[in-house]
Amino acid sequence: MRKFIILAVLLLSGAVHARSLDQLSSGDATAGLKEALTQGASKAVDLLGRENGFLGNPKVRIPLPDKLNRAGKMMRSVGMGKQVDELETTLNRAAEAAVPEAKKLLVDAIKGMSVQDAKGILAGGNNSATEYFRRTTSAPLGDKFRPIVQQAIARVKLAEQYNKFAGSAARFGLISKEDGSLDGYVTNKALDGLFMMMAEEEKAIRENPLRAAGSLAQKVFGVLRN
C-alpha cells in the first residue's frame with residue numbers, strides 16, 4: 001500500500017516530500033479518499049435532487065432530444081408552446097425526483113472500493129473517481145431511476161404523444177433506441193447530469209484540498225498537490 005501511495009504522488013505531482021508522505025498511513029490514505037468521495041457524491045446529489053436542480057441549471061437542464069426539437073418548434077408555431085414547456089419542465093422534474101435515490105448506491109460503491117480501485121483513483125486524472133462510479137453504479141442507478149421517472153411523466157398527457165412519435169422516429173433510425181421512450185431518455189440524461197456534477201466536485205477537491213470537509217481528505221489531497 002505504501003508503494004501505491006508513493007506511485008500516486010509521483011504520477012500526479014512529479015515531486016515527493018518524504019516528510020509529508022510519512023504523515024500518511026495506509027489507513028489514512030484509504031479513509032481520506034473515501035471521505036472526499038462521499039462528500040463529492042453527496043453534494044452532487046443534493047444539488048440536483050431538489051426543485052430546479054436540473055431545470056434551473058443550464059449545464060444539466062434536460063431538453064427535448066435533438067432530433068425532436070423540430071417537432072417542438074412546430075408545436076410552438078401553432079400555439080402549443082405551453083404544452084412543450086410543460087413537457088420539458090416535467091422531464092426535469094422527473095430527473096430531480098429520481099436523483100436522491102442515488103446516494104445510497106454511491107455510498108455503497110465507496111464502501112466496497114478495493115485497494116486497486118483506490119490506487120487507480122489516486123493515480124488518475126481529475127475525473128477518475130467519477131469514472132469509477134460510472135462503471136460500478138450506472139446500471140443499478142438506471143434501474144432505480146426509471147420507475148420514479150415513469151411515475152413523474154405519467155401525469156403529463158403529452159407524454160403519450162411523445163412516446164408514440166419518438167417510438168416511430170426510433171424505428172426509422174431518426175433517434176437512438178434509448179431515446180425512443182420518454183422514461184429511457186430522462187433516465188439517461190439524469191445519469192449524465194449526476195456524473196457531470198460529481199466530476200466537477202472531484203476536480204474542485206483535487207485542485208483545492210481545503211474544499212474537502214474532512215481533515216483526512218484534506219491531508220491526502222494536500223499531499224497529492226505538493
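Just the heavy atoms: all of them, side chains too, but no hydrogens, waters or symmetry mates, feed the values below.
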So which atom in [X] and which in [Y] form the shortest heavy-atom distance, rounded to 0.1 Å?
X: N127; Y: A199; result: CB-CB, 4.3 Å
X: A129; Y: L37; result: CB-CD2, 3.3 Å
X: V60; Y: G193; result: CG1-CA, 3.7 Å
X: M198; Y: A44; result: CG-CB, 3.5 Å
X: K144; Y: E101; result: CD-O, 3.9 Å
X: A102; Y: V45; result: CB-CG2, 4.3 Å

Any donor and acceptor pair, going by atom type alone, linking the side chain of [X] with main-chain N or O of [Y] inside 3.5 Å?
X: D108; Y: L105; result: no
X: N188; Y: G184; result: yes
X: N92; Y: I62; result: yes
X: Y132; Y: A109; result: yes

What's the spacing between [X] [atom1] and [Y] [atom2] if we round to 0.5 Å?
X: T38; Y: K103; atom1: OG1; atom2: NZ; result: 10.5 Å
X: N57; Y: L48; atom1: CG; atom2: CG; result: 7.0 Å
X: L141; Y: T136; atom1: CG; atom2: OG1; result: 8.5 Å
X: L91; Y: L64; atom1: CG; atom2: CG; result: 6.0 Å
X: E202; Y: I121; atom1: CD; atom2: CD1; result: 7.5 Å

Problem - Derivation and outcome, side-chain hydrogen bond (donor to acceptor under 3.5 Å, both in side chains), residues N52 and R93 - result: CA-CA 8 Å; N52 292 326; R93 293 287 185 249; 3.2 Å; yes
Problem - Between S128 and R206: side-chain donor-acceptor atoms closer than 3.5 Å - result: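 A pair is found: one side chain offers a donor N or O, the other an acceptor, under 3.5 Å apart.
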Handout entry: Residue among Q39, K43, E200 satisfying side-chain contact (heavy atoms from CB on, under 4.5 Å) with I205
Key =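 So the option named by the test is Q39.
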Handout entry: Given L47, T89, V99, the one that forms side-chain contact (heavy atoms from CB on, under 4.5 Å) with F54
Key =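 With F54 as partner, side-chain contact (heavy atoms from CB on, under 4.5 Å) holds for just one option, V99.
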